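These notes are about the structure you will find just below.
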Amino acid sequence: MPMNMKKTKDEIQREMICNRFLQYDQEKMIEMFQLEHDDETIKIQFILKTYTIDRKTAVMYEGDRLASIDEMASIYELLTKSEHAPVLTGEWNSIAGLCTNTTDTSLGRYVDYLKPFEENVEKMQQALLDLGAEPAKKGDVSAILYVFPNVPVWFQYWVSDDEFPASVQFLFDAGIMDHFRWSLLWNVMTCITDRMLEVAGLSK
């Protein structure tokens with residue numbers, strides 16, 4: 001990069017994420033999660049897509065596309081924080097229940113992200129099914145989506161009516177805290193909503 005060109009905020013953030021990943025034992029990750037790999041790359045599945053990690057630089061691609069910061073942050077958090085493969089407890093927790101050291105637990109931004117589905121919630125449910133989610137009860141749209149093996153997210157959505165605005169909830173298995181800091185779960189939720197819009201053909 002020329003000396004007179006400053007790095008963008010995204011470039012700085014990507015560099016920080018990559019540098020952090022490179023400090024960890026890749027062989028341990030590969031063995032723990034049984035990842036496809038060779039001397040140059042590691043592959044991992046995330047919400048029904050295959051991501052390729054350059055083992056020397058930690059740059060991540062999905063096909064020919066550079067992975068987004070949310071995708072990188074979500075995947076690298078699982079790989080670097082985990083001391084064991086995920087094990088389900090059967091106990092569900094909301095993001096508010098997991099964010100014990102902050103009062104900023106509003107999910108309003110995700111209601112805004114999902115507005116393209118507002119007039120067609122059947123399309124929202126179909127998008128979840130297309131992503132391999134299992135239908136569940138509670139909410140006008142409800143499904144359990146495995147973002148990684150043994151890492152489920154229970155998505156619940158309520159449409160607006162005369163008394164209440166639309167609302168959304170993401171529930172996580174209680175064991176998630178062995179694999180994610182609470183702050184990185186927001187990145188996972190963003191990836192879920194992005195993928196729902198993508199498979200439904202509603203991405204901007």
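The analysis underlying the following values was restricted to heavy atoms, covering all of them including side chains, and did not include hydrogens, waters or symmetry mates. Since the model is a prediction, treat every value here as computed from it, not as a measurement.
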When you check the side-chain N and O atoms of [X] and [Y], is any donor under 3.5 Å from an acceptor?
X: Arg20; Y: Thr80; value: yes
X: Thr50; Y: Lys43; value: no
X: Asp173; Y: Thr89; value: yes
X: Asn19; Y: Gln23; value: no

Contact between [X] and [Y] at the side-chain level, heavy atoms closer than 4.5 Å - yes or no?
X: Phe172; Y: Val151; value: no
X: Cys18; Y: Met72; value: yes
X: Gln26; Y: Phe21; value: yes
X: Met196; Y: Gln126; value: no
X: Met124; Y: Leu114; value: yes
X: Cys191; Y: Phe46; value: yes

Quiz item: Would Glu118 and Lys123 pass as an ion pair if we require N to O under 4.0 Å?
Solution: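 Answer for the salt bridge query: no.
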Quiz item: Is the side chain of Lys28 donor-acceptor paired with the backbone N or O of Leu79 at a distance under 3.5 Å, no angle test?
Solution: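 Answer holds: no.
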Quiz item: Under 3.5 Å, side chain of Asn187 to main-chain N/O of Ser74, donor-acceptor pair present?
Solution: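 No, the answer is negative, given that no donor and acceptor are paired below the 3.5 Å cut-off.
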Quiz item: With Phe170, which of Tyr157, Trp92, Tyr110 fulfils ring-ring contact (aromatic ring centres under 6.0 Å, His included)?
Solution: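 Of all the options given, the one that passes is Tyr110.
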Practice problem: Would you sort out whether Asp112 and Lys115 count as a salt bridge (charged side-chain N to carboxylate O under 4.0 Å, His left out), showing the intermediate values? | Solution: CA-CA 5 Å; Asp112 289 340; Lys115 274 188 177 178; 3.8 Å; yes
Quiz item: Going hydrophobic residue to hydrophobic residue with side-chain gaps under 4.5 angstrom, can you get from Leu171 over to Leu131?
Solution: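 Result: no, two separate clusters.
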Practice problem: Just jot down the side-chain contact (heavy atoms from CB on, under 4.5 Å) partners of Glu198, sequence neighbours excluded, or say none. | Solution: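 Per chain and number, Glu198 pairs via side-chain contact (heavy atoms from CB on, under 4.5 Å) with Lys49, Arg195, Ser203.
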Quiz item: What residues form a side-chain contact (heavy atoms from CB on, under 4.5 Å) with Ile12, not counting sequence neighbours?
Solution: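 Per chain and number, Ile12 pairs via side-chain contact (heavy atoms from CB on, under 4.5 Å) with Lys7, Met16.
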Quiz item: Which residues satisfy the ring pair (Phe, Tyr, Trp, His ring centres under 6.0 Å) test with Trp158, sequence neighbours excluded?
Solution: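 In terms of ring pair (Phe, Tyr, Trp, His ring centres under 6.0 Å), with neighbours along the sequence ignored, Trp158 is linked to no residue.
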